[in-house]
Amino acid sequence: MADRSRIRLVLTDVDGVMTDGGVTFGADGRQAMTFSIRDGLGIRLWQHAGVRLGIVTGRETPMVAQRAADLDVEFVHQGVSDKLPVVKQVAAEAGVPLDEVAYLGDDLPDLPAIRAVGLGVAVADAAAEVQAGADLVLATPGGRGALRELIEKLLNEQGKWDAVIAAFV
C-alpha cells in the first residue's frame, strides 16, 4: 500500500459508490439515478487541492456523463467491463504511477483495480471479497458520501484540508 499522503489520482466506480446502486425507472421507461451531493463537494475540494479524479464504470448512462460534466471530472470512462486496463491507461495519461493512485469500488468488477493500485478502497457496504481485498474500508456506504469520506481522509493526511476548506469557515 502506498503512503496515502502521496496519492495524486483518485479513480472511482459509480454504481454502488457514487450512487446506492439502485436504478429507478419512470413510467416512460427512462432511468434515473441519485448521486450524493456530499460526493460532489468532495470532488470539488479534491480538485481545488490541485489533484486529479476520474470515473471508471461498467454501465454507460447519460446520467453519469451529465454528473461528470457538472463536476468537471477530468477522466470519464463508461461501459468498461475490464476496469484494470482502463485504470492503468488513465494513470499513464495523468503521468501518475499506480502506487500513487487510489481506486474506490464496491463489487467484484472493481477488485482487480483495487488490488493493483497504491490504495485500494471499498465502500462500507461493498461485497465481502472487495472489502477483504481493499487496503481501506470506509465507514460510509455507497451513495451516502463514501467518495467524500475518502477525499477528506486523503486531504487531511496530505495536510491540505485546512487550506481547502478555508473558504467555508
Side-chain angles (χ1 to χ4, degrees), residues 1-24 31 33-46 49 51-61 63-64 67-68 71 73 75-91 94 96-158 160-161:
M1 178 175 72
D3 176 0
R4 291 182 200 175
S5 66
R6 295 182 58 222
I7 297 299
R8 296 189 297 140
L9 173 64
V10 169
L11 298 175
T12 183
D13 182 28
V14 173
D15 295 317
V17 176
M18 293 177 70
T19 75
D20 66 5
V23 177
T24 303
Q31 293 183 34
M33 300 169 76
T34 301
F35 293 88
S36 168
I37 292 299
R38 296 192 72 230
D39 285 342
L41 181 57
I43 289 169
R44 291 286 190 207
L45 295 172
W46 188 245
V51 280
R52 301 167 93 179
L53 185 129
I55 290 171
V56 181
T57 183
R59 291 190 328 124
E60 187 160 352
T61 69
M63 289 85 62
V64 171
R67 186 68 175 143
L71 295 169
V73 174
F75 305 100
V76 181
H77 294 271
Q78 295 193 69
V80 179
S81 58
D82 186 0
K83 296 181 179 184
L84 182 54
V86 174
V87 166
K88 289 178 178 179
Q89 172 193 334
V90 172
V96 176
L98 279 180
D99 68 344
E100 294 179 10
V101 174
Y103 183 90
L104 176 58
D106 72 306
D107 216 339
L108 299 176
D110 300 309
L111 196 51
I114 284 171
R115 289 180 173 156
V117 298
L119 181 63
V121 187
V123 295
D125 57 343
E129 296 85 356
V130 173
Q131 289 187 23
D135 301 305
L136 172 65
V137 177
L138 299 173
T140 309
R144 301 289 183 253
L147 179 58
R148 168 74 174 269
E149 179 188 344
L150 172 60
I151 288 169
E152 284 186 20
K153 284 180 184 298
L154 292 173
L155 289 173
N156 272 300
E157 291 182 28
Q158 293 177 1
K160 298 176 182 178
W161 180 250

Starting at [atom1] of [X], measure out to [atom2] of [Y] and round the result to the nearest 0.5 Å.
{"X": "R6", "Y": "L119", "atom1": "CZ", "atom2": "CG", "result": "12.5 Å"}
{"X": "I7", "Y": "W46", "atom1": "CD1", "atom2": "CH2", "result": "7.5 Å"}
{"X": "L150", "Y": "R4", "atom1": "CG", "atom2": "CZ", "result": "8.5 Å"}
{"X": "M18", "Y": "T12", "atom1": "CE", "atom2": "OG1", "result": "6.5 Å"}
{"X": "L41", "Y": "L147", "atom1": "CG", "atom2": "CG", "result": "11.0 Å"}
{"X": "L138", "Y": "R144", "atom1": "CG", "atom2": "CZ", "result": "15.0 Å"}

Side chain proximity check, [X] to [Y], heavy atoms < 4.5 angstrom:
{"X": "V121", "Y": "V10", "answer": "no"}
{"X": "H77", "Y": "L11", "answer": "no"}
{"X": "V90", "Y": "V86", "answer": "yes"}
{"X": "V51", "Y": "L154", "answer": "no"}

Open item on the list: Treating D99 as the side-chain partner and G118 as the backbone partner, does any N or O pair qualify as donor plus acceptor under 3.5 Å?
Closed with: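 No, because the side chain of D99 does not come within donor-acceptor range (under 3.5 Å) of the backbone of G118.
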Open item on the list: Please check: side-chain N/O of E149 versus main-chain N/O of T140, any donor-acceptor pairing under 3.5 Å?
Closed with: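 Yes.
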Looking at [X] and [Y], what are the two nearest heavy atoms and their distance?
{"X": "V101", "Y": "A91", "result": "CG2-CB, 4.0 Å"}
{"X": "L108", "Y": "P112", "result": "O-CD, 3.7 Å"}
{"X": "Y103", "Y": "V56", "result": "OH-O, 3.6 Å"}

TODO: Not counting sequence neighbours, which residues clear side chain to side chain contact (heavy atoms under 4.5 Å, CB included) with T61? List them please.
DONE: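 Scan of T61 (side chain to side chain contact (heavy atoms under 4.5 Å, CB included), adjacent residues dropped) gives Q31, M33, R59, M63, V64, Q78.
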Task: Those residues that, when tested against R52, pass side chain to side chain contact (heavy atoms under 4.5 Å, CB included) (two or more places apart) - done: L9, E74, F75, A94
- [ ] Tell me, please, which residues at least two apart from R8 pass salt bridge (charged side-chain N to carboxylate O under 4.0 Å, His left out).
- [x]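 Result, salt bridge (charged side-chain N to carboxylate O under 4.0 Å, His left out) vs R8: E100.
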Open item on the list: Let's go through L53 and L71 carefully: what are the C-alpha distance in whole Å and the side-chain angles of both, what is the deciding distance for side chain to side chain contact (heavy atoms under 4.5 Å, CB included) to 0.1 Å, and is it a yes or a no?
Closed with: CA-CA 10 Å; L53 185 129; L71 295 169; over 6 Å; no
- [ ] Evaluate whether atom NZ of K160 has more than 12 neighbouring non-hydrogen atoms of other residues, nucleotides or ligands under 6.0 angstrom away.
- [x]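 Yes, the 6.0 Å shell around NZ holds more than 12 heavy atoms from other groups.
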Task: I55 and R67: CA distance, side-chain angles, deciding distance, side chain to side chain contact (heavy atoms under 4.5 Å, CB included) verdict - done: CA-CA 11 Å; I55 290 171; R67 186 68 175 143; over 6 Å; no
Which pairs would a plain distance check flag for residues 122-134, meaning a side-chain donor or acceptor within less than 3.5 Å of a matching protein atom at least two apart in sequence or in another chain?
residue	atom	partner	partner atom	Å
D125	OD1	G142	N	2.9
Q131	NE2	A124	O	2.9
Q131	NE2	A126	O	3.0

- [ ] Output every pair passing side chain to side chain donor-acceptor pair (under 3.5 Å) with a member in residues 33-42, not counting sequence neighbours, ordered by first then second residue.
- [x]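 Output for this query is empty, none listed.
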Open item on the list: Does anything in residues 102-118 form a salt bridge (charged side-chain N to carboxylate O under 4.0 Å, His left out)? List the pairs, not counting sequence neighbours.
Closed with: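 Sorted result for residues 102-118: K83-D110.
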